[in-house]
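Because only heavy atoms are used, hydrogens play no part in the values below, and waters and symmetry mates are left out as well, while side chains stay in. Both ligands and their constituent atoms are indexed starting at 1 by order of listing.
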Amino acid sequence: MKYTVAIRALCEFTAKQGDLDLRFTPSPSAQEGIAGHAIVTSRRAAGYQTEVSLSGEFRHLRVRGRADGYDPAQNQLEEIKTFRGDLALMPDNHRQLHWAQLKIYGYLLCQKLGLSEVHLALVYFDIGSQKETLLRELHSAEALTCYFEQQCERFLAWAEQELAHRAMRDRLLTSLRFPHASFRPGQRQLAEAVYKAASVGCCVLAQAPTGIGKTIGTLFPLLKACPGQALDKLFYLAAKTSGRGLALDALALIKNSEPALPLRVLELVARDKACEHPDKACHGESCPLAKGFYDRLPQAREAAIAAALAGDLLDRNALREVALAHQICPYYLGQDLVRWSDVIVGDYNYYFDISAMLYGLTVANQWRVSVLVDEAHNMIERGRKMYSAALDQAGFNMVRRSAPAALKKILDRLNRNWNALHKEQGSAYQVYSSVPEKFLAALQQSISEITDYLTEHPTYVDGKLQGFYFDALHFSRVADLFDTHSLFDITKEAETSTAGSRQASAVLCLRNVIPAPFLEQRFAAARSTALFSATLSPWHFYSDTLGLPKSTVWVDVESPFSAKQLSVQVVRRISTRYRHRDDSLSPIVDLIAAQYGKQPGNYLAFFSSFDYLQKVSMLFSVRYPGIPMWEQSRRMEESEREAFLARFTSTGQGIGFAVLGGAFAEGIDLPGTRLIGAFIATLGLPQMNPVNEQIMQRMNATFGAGYDYAYLYPGIQKVVQAAGRVIRTQLDQGIVYLIDDRFARPEVLRLLPGWWKIECEQRST
Ligand code: SF4
């Protein structure tokens, strides 16, 4: 059996030395890179070959890759690298890596064409000036053969142990048994759908109720599918830490069942959580854990793999321990270990984001991966955020005031462009069909100059400038992708007074509405993707907005719960419409108190906003002081959230007031008598405002159901999620009050779970 490795991955393993150094990054965006390559190759003479596929073997190793260009007339093989900033400041180890890759390509080309020598050229293309810098060397085939064999030798021992690991992993996965005595009702249906999707290579959108064991019900079948489908890796992606925690628990259970499974499970955590030196920058002159990072990485990598094989999960703590024992950065150690792990657990953005690492590595290494997306109803909102960007002029003005003198001129120029946009706009909010080119050009120039400045002043640390820099880079990348899936709008802000002068400002926003065009590439790159959640109805809303392929299978797993367990009452006499809010307060508090009087216990009451919540809770506390109550507040700390939930004990009594769509409306588990009922005083419809009206128009133009796609479906999804807190097991009993006459409308009733038995009170006038 051969071990296949991409040329870049081989060189990163064998030829990367010295410090971790992100000063010369962020590099140009993928679009800029593609455009840069196209410009360079269009400048070459006729007969120039692009994207030259090359491969070769050395013992158990198969090495493959694609060289950027070959000019037969000059016998010159070229590797094109796009960059921003001053090339002289590129760290040496970046340059060495580029030469290493090119020499491997050179060897493979000599083999392919029977050449005795070849010119190797590194072509550095400056995105800003569009100029090329060419570094050229002549190499004999003999010298290149020697280099190739040397690099392969260095990798071979690692490749052999990788092959042995893969063989053992797949052998044990073939005989893997379900870790519980039996499947729960509905769990088998879900597991079969996930297994089948991996077998035929498609996506599955699975609506599966809470309590059936979705985490293990999706991980287990996918692990079983690995050997047959030759899957390299599984990605388990979740929107919340709690979801990732459940996945790690399930994987620990599977891994430590009999016989123990040598599965390498890696948890990816955000940089700000993994960073040991938040006050430093990621390069050797600033951070001690970046100094000599690549020199100590091999030992750390081996120690991590040994720990994984000994039974550990490579979670946040384990990774930190290994990294610190070898004095390297835990965050970047985690990134390296992605290449050598079987299951990776992380946030959605590692695969779906604009510059997602897992997606990038999957494509570059041609991995066969299957993806699990937990609580997938969050994907639309999260997808939109990933492909949106905003720049706030008020914040920028603070950056401008404290920026170094060398940047003053360019930042002032950007500000003048910003002011011009502000001046030209008559209304407070306006949507435009394109992003103004002059502004973008000034932004690009600012990015280039800040890049140069930060590279030239490695110890300069200014959080505000750095924050603006990253926002500007993201904005410029998103602007490159602007199309009908997004809106570009400008919101004028109230004038502020600084040092006696009035200052106007505007927020520029690239607002993604339909993430489908971006996410569809992600689905296409995976062997299979299973998206699951308790609330994925109607399925066309999710498949349209997320860009799921036509072949996607829709599975609606039957609920294990019965109508007898949950009483659902529609309270038609109360309207929660904005204009009726004040009138609704009194009947709502009486309704809650009456239910509590009938059956004391723990309840959650959900409202559309903090403002509404506070009005109701205030009246409730005055009118019913004897009933215990506690409420959610804005921006609660984790400890405060824990304290809120801790009040829901199995013998407790009282009302928790919370906001629909907030921290307590989904992803919390209060089984048995910890929660016996919920009041939902809103349809969850997004607020009607100019932005949401624009979203509705765009949805209407794209899908023809603007109101449903912009308001109704997202609103009802939140209601069902919140109501879903009440029944968590087949033994639970509870009640849900849906407070508003609109809940009785047929188009709303159709969106509620089929197993609910809904009673609509007669309307009284
Ligand atoms: S510890 Fe923090 S500052 Fe240092 S390299 Fe890691 S992420 Fe960067």
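From the protein, the heavy atom lying nearest to atom 3 (S) of ligand 1 is His277 O, 3.6 Å. The protein heavy-atom contact nearest to atom 6 (Fe) of ligand 1 is Cys329 SG, 2.3 Å.
Under the 30°/60° scheme for interplanar angles, the aromatic rings of Trp340 and Phe155 are found to be tilted. Relative orientation of the Phe293 and Tyr332 rings is perpendicular, given thresholds of 30° and 60° on the angle between their planes. Between Phe664 and Phe644, the two ring planes are parallel [angle under 30°; tilted spans 30° to 60°].
Looking at His283, Glu276, Arg271, it is Glu276 that brings a heavy atom closest to atom 1 (S) of ligand 1.
Counting only heavy atoms from C-beta outward, the side chains of Val343 and Leu263 approach each other to under 4.5 Å.
Using a distance-only test at 3.5 Å, with no hydrogens or angles considered, a donor-acceptor pair links the side chain of Asp392 to the main chain of Ala394.
Below 4.0 Å from some heavy atom of Cys275 lie the following atoms of ligand 1, by number and element: 1 (S), 2 (Fe), 3 (S), 7 (S). Close approach to Lys280 involves these atoms of ligand 1, each under 4.0 Å from a residue heavy atom: 3 (S). If you number the atoms of ligand 1 from 1 as listed, the ones under 4.0 Å from a heavy atom of Cys282 come out as 3 (S), 5 (S), 7 (S), 8 (Fe).
Electrostatic pairing of Arg166 and Asp232 counts as a salt bridge here, judged by a charged N lying under 4.0 Å from a carboxylate O.
Inclusion of Cys287 in the first shell of atom 4 (Fe) of ligand 1 is supported: an N, O or S atom falls under 2.8 Å.
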